[in-house]
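What follows is a single structure, written as structure tokens, with notes after it.
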Amino acid sequence: MTPPSDSRQDLSGIRAYLFDLDGVLTPTATVHMHAWARLFTPFLEQHGAAPYTEADYFSYIDGKPRYDGVRSLLESRGIRVPEGDVTDAPSEDTVHGLGNRKNEAFNATLAEEGVAAYPASVAFLDAIQANGCLVAVVSSSKNAPSVLAAAGLADRFEVVVDGAVAARDGIPGKPAPDTFQHAAELLGVPTTACAVVEDAESGVTAGATGDFGVVIGVDRGVGRATLEALGADIVVDELDELIPLLPANADAPANDTPREDRE
């Protein structure tokens with residue numbers, strides 16, 4: 001097991017953990033990656049653009065709201081299409097139509113294959129909840145409730161701030177920190193006593209931009225050096241690596257003083 005990149009980090013002052021979903025709690029990032037590839041591989045070929053690669057997912061799409069991901073990828077290739085509307089059919093070559101086409105592919109794959117939570121992430125979730133910490137899911141995906149249900153985690157999270165909530169309430173998505181801040185507010189915990197747990201570049205950027213107690217990066221392919229450069233205080237391969245850093249007692253953390261700085 002690889003130790004956390006910053007073994008000096010102390011999690012004793014953290015009272016709440018704000019988890020990204022895809023790639024952090026569940027391996028649905030792989031489902032998303034396949035869905036985006038099925039969308040953009042033929043589309044870019046039809047437009048004579050550079051082929052779609054896995055690197056495109058991490059650079060332009062990962063962690064962003066769906067339509068923002070479409071815009072970013074198209075911009076990287078210099079392709080312009082009409083914006084369209086959220087009601088556009090998946091067959092339409094508009095920003096919203098392409099996003100809806102990707103969502104169809106994602107839901108079909110999820111229904112066919114299902115999804116199971118990462119065992120190490122569940123072990124960490126068990127440990128922090130035993131310590132009295134609060135938890136929330138903060139996801140750009142509008143499919144978060146269905147993914148949580150499929151993974152058997154729906155009853156573990158009373159607070160879910162997903163893409164649907166952000167759109168409904170006009171909350172800017174990642175890489176802005178606003179959705180994480182909203183989750184902290186719903187939990188009733190200061191951001192300085194919250195940990196952001198992310199695997200995406202945009203999500204780590206969001207955590208580093210906000211005034212959070214610690215930003216935890218989970219390396220699912222972005223790369224340890226990249227996550228650290230973007231502002232992750234700790235980078236791990238699996239979340240159960242953090243269990244030794246938790247308070248030894250099984251009571252709520254006693255330190256309510258906001259953290260003044262992050263190393």
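This structure is a prediction, so every number in the text was calculated from the model and none was measured.
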Q. Cationic tip of Arg220 within the cone over Tyr118's six-membered ring, i.e. under 6.0 Å and within 45° of the normal?
A. yes
Could you tell me whether the side chain of [Y] reaches within less than 4.5 Å of the side chain of [X], counting heavy atoms only?
X: Lys174; Y: Thr205; answer: no
X: Ile128; Y: Leu11; answer: no
X: Phe212; Y: Thr192; answer: no
X: Thr53; Y: Phe58; answer: no
X: Arg66; Y: Trp36; answer: yes

**Q.** Residues Asp162, Arg168; criterion salt bridge (Lys or Arg N to Asp or Glu O under 4.0 Å); working and verdict
**A.** CA-CA 10 Å; Asp162 67 352; Arg168 182 194 70 201; over 6 Å; no
Q: Specify the closest pair of heavy atoms between Ala208 and Val215, including all atoms of both residues, with the distance to one decimal.
A: N-CG2, 3.8 Å
Q | Shortest non-hydrogen contact between Asn131 and Leu246, atoms and distance | A | ND2-CB, 3.7 Å
(Q) Check Arg77 with Asp56, please: is the shortest side-chain N to carboxylate O separation under 4.0 Å? (A) yes
(Q) What I want to find out is whether Glu75 reaches Arg80 closely enough, with some N-O distance under 4.0 Å, to be called a salt bridge. (A) no
Q: Would you please classify the geometry between the Phe40 ring and the Phe43 ring as parallel, tilted or perpendicular, with 30° and 60° separating the classes?
A: perpendicular
Q: Anything under 30° is parallel, anything over 60° is perpendicular, the rest tilted; go ahead and classify His96 against Tyr67.
A: tilted
Q. Same hydrophobic cluster for Val138 and Leu186, using side-chain heavy-atom links shorter than 4.5 Å among ILVMFWY?
A. yes
Q. Tyr57 and Tyr52: aromatic ring centres closer than 6.0 Å?
A. no
Q: Please check if any side-chain donor atom of Asn100 sits under 3.5 Å from a side-chain acceptor atom of Asp88, or the reverse.
A: no
